[in-house]
Amino acid sequence: MTDPIELNRRRWDELVPIHAGSRFYDVEGFLAGACSLLPIELAELGDVRGKSLVHLQCHFGLDTLSWARRGARVTGVDFAPAAIAKAAELAEQAGLAARFVESEVTAAPDALGGETFDVVFTSWGVLGWLPDLDAWARAVAALLTPGGVFYLVESHPTMLLFDGSADGRRTWPYFRTAEPIEATVEGSYAAPDATLENRREAVWIFELGQVVTALIDAGLCLDFLHEHDGNCSAMIPSMTKHPDGLWRLPEGELGLPLSFSIRARRASNS
Ligand SMILES: C[S@@+](CC[C@H](N)C(=O)[O-])C[C@H]1O[C@@H](n2cnc3c(N)ncnc32)[C@H](O)[C@@H]1O
């Protein structure tokens, strides 16, 4: 059996050119000046001008480069070589200073030579690929300067119970198992009709309590944990897009948390 991390890396590598050409990512709009970040993360993370920022699991760098446009000194990290190459190409095309480093996320502190940052940012679709949340949280803490800020916005594990079918069928358990769930997936959230060679993926369930506890155990102090009624993509067919860029269930439908966000800090004296 292929190592699950390698299985996922191959799939993400193949998705890079497909996503870079998708309407979902709208690279043309980005190059024309549009910001790929959503109002929620801009408001909750706040001003990054003059700060050093590392973006973990940066995909092909649109969000990383959007933070650069807002004045941060940015580094993007991803384990997919095609993502790193495309991100560097886009930085050049956009005339933005940025560094992109190929690394598995838990190895990022070593790959970056022990450098620390004012901000560690990571968003939307990152936690399900991680077999060890404690190792991930330790990497986040190791990348932060004392007093530095960590920000995560991610799909809510409750939303991930549903497989996206129109009848609201529930297919996934809530509680994490050591072994990943392996599945064959046609297309992707950004390119549902794409035909991929690498259709197998391995996903680990993440429980909300495990994510928060892993960060606390790694020494971070939480500013907030917010639960939201919207998500960055339409994972349930009845969802519609709102002016703030988030997709929500129709009004009156039984409410579910569709995403959550965490801001936390490394203590100044740690
Ligand atoms: C859903 S994307 C993140 C999306 C990002 N918010 C965006 O829209 O650009 C997930 C990213 O995580 C990366 N990734 C998955 N597992 C990883 C790992 N173990 N280490 C580093 N990167 C990983 C993938 O290559 C992919 O670029």
Side-chain angles (χ1 to χ4, degrees), residues 2-27 29-30 34-38 40-42 45 53-68 74-88 90-91 98 100-112 120-140 143 151-155 159-160 180 185 187-192 194 196 198 200-204 206 231-235 245-247 259 261:
T2 314
D3 165 49
I5 296 281
E6 180 54 21
L7 188 80
N8 291 336
R9 195 192 59 74
R10 281 187 210 155
R11 180 173 159 82
W12 279 110
D13 225 31
E14 187 181 357
L15 280 171
V16 169
I18 297 167
H19 282 185
S22 70
R23 275 180 60 192
F24 182 95
Y25 278 101
D26 186 20
V27 166
F30 167 79
C35 178
S36 65
L37 296 160
L38 293 171
I40 186 174
E41 50 229 30
L42 293 172
L45 178 52
L53 179 151
V54 63
H55 178 187
L56 301 179
Q57 296 175 248
C58 68
H59 205 20
F60 58 96
L62 285 194
D63 286 356
T64 328
L65 295 170
S66 292
W67 287 120
V74 299
T75 300
V77 174
D78 202 281
F79 73 169
I84 294 304
K86 185 69 190 172
L90 286 172
F100 289 97
V101 176
E102 182 187 323
S103 172
E104 200 284 315
V105 66
T106 57
D110 283 343
L112 294 169
V120 175
F121 170 80
T122 193
S123 73
W124 303 116
V126 287
L127 297 179
W129 315 111
L130 308 180
D132 185 343
L133 290 173
D134 293 323
W136 164 78
R138 283 194 299 272
V140 167
L143 288 164
Y151 180 77
L152 159 76
V153 59
E154 175 61 293
S155 292
M159 177 175 175
L160 301 175
V185 182
S188 78
Y189 58 95
L196 290 162
N198 295 287
R200 298 288 291 168
E201 66 177 28
V203 174
W204 285 268
F206 50 93
N231 192 281
C232 73
S233 60
M235 290 166 78
L246 291 182
W247 294 77
S259 59
S261 53

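Heads up: numbering here begins at 1 and tracks the sequence. Start at 1 and go down the list; that is how both ligands and their atoms are numbered.
Scanning the protein for heavy atoms near atom 20 (N) of ligand 1, the closest one is Val105 N, 2.9 Å. Ranking protein heavy atoms by distance to atom 10 (C) of ligand 1, first place goes to Gly125 O, 3.3 Å. Nearest to atom 18 (C) of ligand 1 among the protein's heavy atoms is Phe79 CD1, 3.4 Å. Asp78 OD2, 3.3 Å is the protein heavy atom nearest to atom 13 (C) of ligand 1. The protein atom (non-hydrogen) at minimum distance from atom 19 (N) of ligand 1 is Glu104 OE2, 2.7 Å. In this structure, the protein non-hydrogen atom closest to atom 9 (O) of ligand 1 is His59 CB, 3.3 Å.
Using a distance-only test at 3.5 Å, with no hydrogens or angles considered, a donor-acceptor pair links the side chain of Thr122 to the main chain of Leu56. Ser36 places a side-chain N or O within 3.5 Å of a backbone atom of Leu62 that can act as its donor or acceptor partner. Remark: the backbone N or O of Ser259 is not paired with any side-chain donor or acceptor of Glu154 at under 3.5 angstrom. Judged purely by atom type and a 3.5 angstrom limit, Asp78 has no side-chain atom pairing as donor or acceptor with the backbone of Ile84.
Scored by the salt bridge (Lys or Arg N to Asp or Glu O under 4.0 Å) test, Glu201 finds Arg11 as partners (sequence neighbours excluded).
When heavy-atom distances to ligand 1 are checked against a 4.0 Å cut-off, Ser103 comes that close only through its backbone atoms N, CA, C and O. Contacts between Ala83 and ligand 1, counted as non-hydrogen atom pairs separated by less than 4.0 Å, are absent for every part of the residue.
Comparing Glu201, Gln57, Glu154 by heavy-atom distance to atom 12 (O) of ligand 1, the nearest is Gln57. In the candidate list Trp12, Tyr25, Trp124, Tyr25 is nearest to atom 7 (C) of ligand 1, counting heavy atoms. Among Gly61, Ser123, Ser66, Ala139, the residue whose heavy atom lies nearest to atom 5 (C) of ligand 1 is Ser123.
Here Arg10 does not pair with Glu14 in a salt bridge; the nearest charged N to carboxylate O distance is not below 4.0 Å.
A distance of 11.5 Å separates SG in Cys58 from CZ in Phe79, rounded to the nearest 0.5 Å.
Aromatic ring centroids of His19 and Tyr189 lie under 6.0 Å apart.
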